[in-house]
> 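Before we start, here is the structure in question, set down as structure tokens.
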Amino acid sequence: AAAIGAWRAAFPEAGLHLEGVAADLPAIAGFGARAKLRCGGLTAAAIPSVEAVAAFIGGCVALALPFKATAGLHQPMRHFAPSLGAPQHGFLNLLAGAALAMDGAGAAEVERVLRAEAPAGLGCNEIGLANGRGLFTAFGTCSIAEPVEGLERLGLLHG
């Protein structure tokens, strides 16, 4: 708490995102920060389960707490990553999950969308996805090219 206070004093105009899981969200909101979800890493163990991501999204909806997501979000859709031997989350899955949760969808529906491997499984059109931006505000990736190429492959972005 002292470190957060010092950071806020030093950078009063800057936004603050604090990383955590669903159980941490009330504390993050209490600090007046936004939430950050880590979606991957260098090992399969670093990838949170679909259930954990859905719980995080549901917690953010309940608290009206915007969030961003980082790590492992190189592709638009959930996919199997051979280098990790595990499925990785897609940034469109998170956006659709956030949009549906904001519209009142329960955990089971959000989990279904988080597992979708093709855009047709998202259950949202472009307007629905845009509505999710009020909650899911940004994602981080090591490459700008990979997300763009993934959207182009899906026919969702035309270069």
Side-chain angles (χ1 to χ4, degrees), residues 17-31 33-157:
H17 286 81
L18 297 176
E19 186 174 313
V21 297
D24 301 320
L25 295 174
I28 290 169
F31 285 121
R34 292 180 173 204
K36 175 183 164 190
L37 175 65
R38 181 167 293 278
C39 289
L42 299 177
T43 66
I47 302 169
S49 69
V50 165
E51 295 80 9
V53 174
F56 183 92
I57 291 171
C60 287
V61 168
L63 295 167
L65 182 62
F67 75 95
K68 71 177 181 176
T70 62
L73 296 170
H74 302 270
Q75 296 298 322
M77 298 300 303
R78 183 172 174 84
H79 63 284
F80 185 80
S83 63
L84 296 175
Q88 285 188 300
H89 298 288
F91 58 85
L92 286 182
N93 299 83
L94 269 73
L95 181 59
L100 290 172
M102 288 176 63
D103 284 343
E109 178 65 8
V110 174
E111 290 172 15
R112 183 196 65 74
V113 167
L114 292 173
R115 286 188 178 93
E117 295 182 1
L122 296 178
C124 292
N125 59 22
E126 292 85 1
I127 294 169
L129 287 175
N131 291 339
R133 292 278 301 131
L135 184 69
F136 177 39
T137 59
F139 72 95
T141 180
C142 298
S143 166
I144 291 177
E146 283 181 276
V148 169
E149 291 164 359
L151 289 169
E152 288 173 339
R153 271 193 310 276
L154 293 171
L156 300 174
L157 184 66

> Roughly how far apart are Leu95 CG and Leu135 CG, rounded to 0.5 Å?
9.5 Å
> Quick check: do Cys39 and Leu94 have side-chain heavy atoms less than 4.5 Å from each other?
yes
> Testing the basics here: between Thr141 and Pro147, what is the closest heavy-atom pair and its distance to 0.1 Å?
CG2-CG, 3.7 Å
> Side-chain contact test, heavy atoms from C-beta onward, threshold under 4.5 Å: evaluate it for Leu156 versus Pro119 and give yes or no.
yes
> By side-chain contact (heavy atoms from CB on, under 4.5 Å), which residues pair with Ala96, not counting sequence neighbours?
Val113, Leu122, Cys124, Leu129
> Indicate yes or no: at least one non-hydrogen side-chain atom of Ile57 is less than 4.5 angstrom from one of Leu100.
no
> If I compare all heavy atoms of Gly40 with all of Ile47, which pair ends up nearest, and what's the gap?
CA-CG1, 4.0 Å
> Roughly how far, to the nearest 0.5 Å, is the CG atom of Leu73 from the OG atom of Ser143?
12.5 Å
> Counting N and O atoms only, with roles assigned by atom type, does the side chain of Arg112 sit under 3.5 Å from a partner on the main chain of Gly121, one being a donor and the other an acceptor?
yes
> Could you state the interatomic distance from CD (Gln88) to CG (Asn93), rounded to the nearest 0.5 Å?
12.0 Å
> Of all heavy-atom pairs between Pro76 and Gly150, which one has the smallest distance, and what is that distance?
CG-C, 3.5 Å
> Between Ala107 and Ala54, what is the shortest heavy-atom contact and its length?
O-CB, 4.3 Å
> Any ring pair (Phe, Tyr, Trp, His ring centres under 6.0 Å) pairs touching residues 43-62, not counting sequence neighbours?
Phe56-Phe67
> Arg153 vs Gln75, test: side chain to side chain contact (heavy atoms under 4.5 Å, CB included). Steps then yes/no.
CA-CA 10 Å; Arg153 271 193 310 276; Gln75 296 298 322; 2.8 Å; yes
> Could you tell me which non-hydrogen atom of Leu25 sits nearest to which non-hydrogen atom of Ala35, and how far apart they are?
CD2-CB, 3.6 Å
> Do the non-hydrogen side-chain atoms of Leu151 and Leu92 ever get within less than 4.5 Å of each other?
yes
> Do you know which two heavy atoms are closest between Ala116 and Met77, and how far apart they sit?
O-CE, 3.4 Å
> Using 0.5 Å steps for rounding, measure from the CG atom of Leu37 to the NE2 atom of His17.
11.5 Å
> Could you walk me through whether Glu19 and Lys68 satisfy the salt bridge (charged side-chain N to carboxylate O under 4.0 Å, His left out) test, starting with their C-alpha distance in whole Å, then the side-chain angles of each, then the deciding distance to 0.1 Å, before giving a yes or no?
CA-CA 9 Å; Glu19 186 174 313; Lys68 71 177 181 176; over 6 Å; no
> Roughly how far apart are His79 NE2 and His74 NE2, rounded to 0.5 Å?
7.5 Å
> Does anything in residues 86-120 form a ring pair (Phe, Tyr, Trp, His ring centres under 6.0 Å)? List the pairs, not counting sequence neighbours.
Phe91-Phe139
> To the nearest 0.5 angstrom, please state how far the CD atom of Glu109 sits from the CG atom of Leu114.
10.0 Å
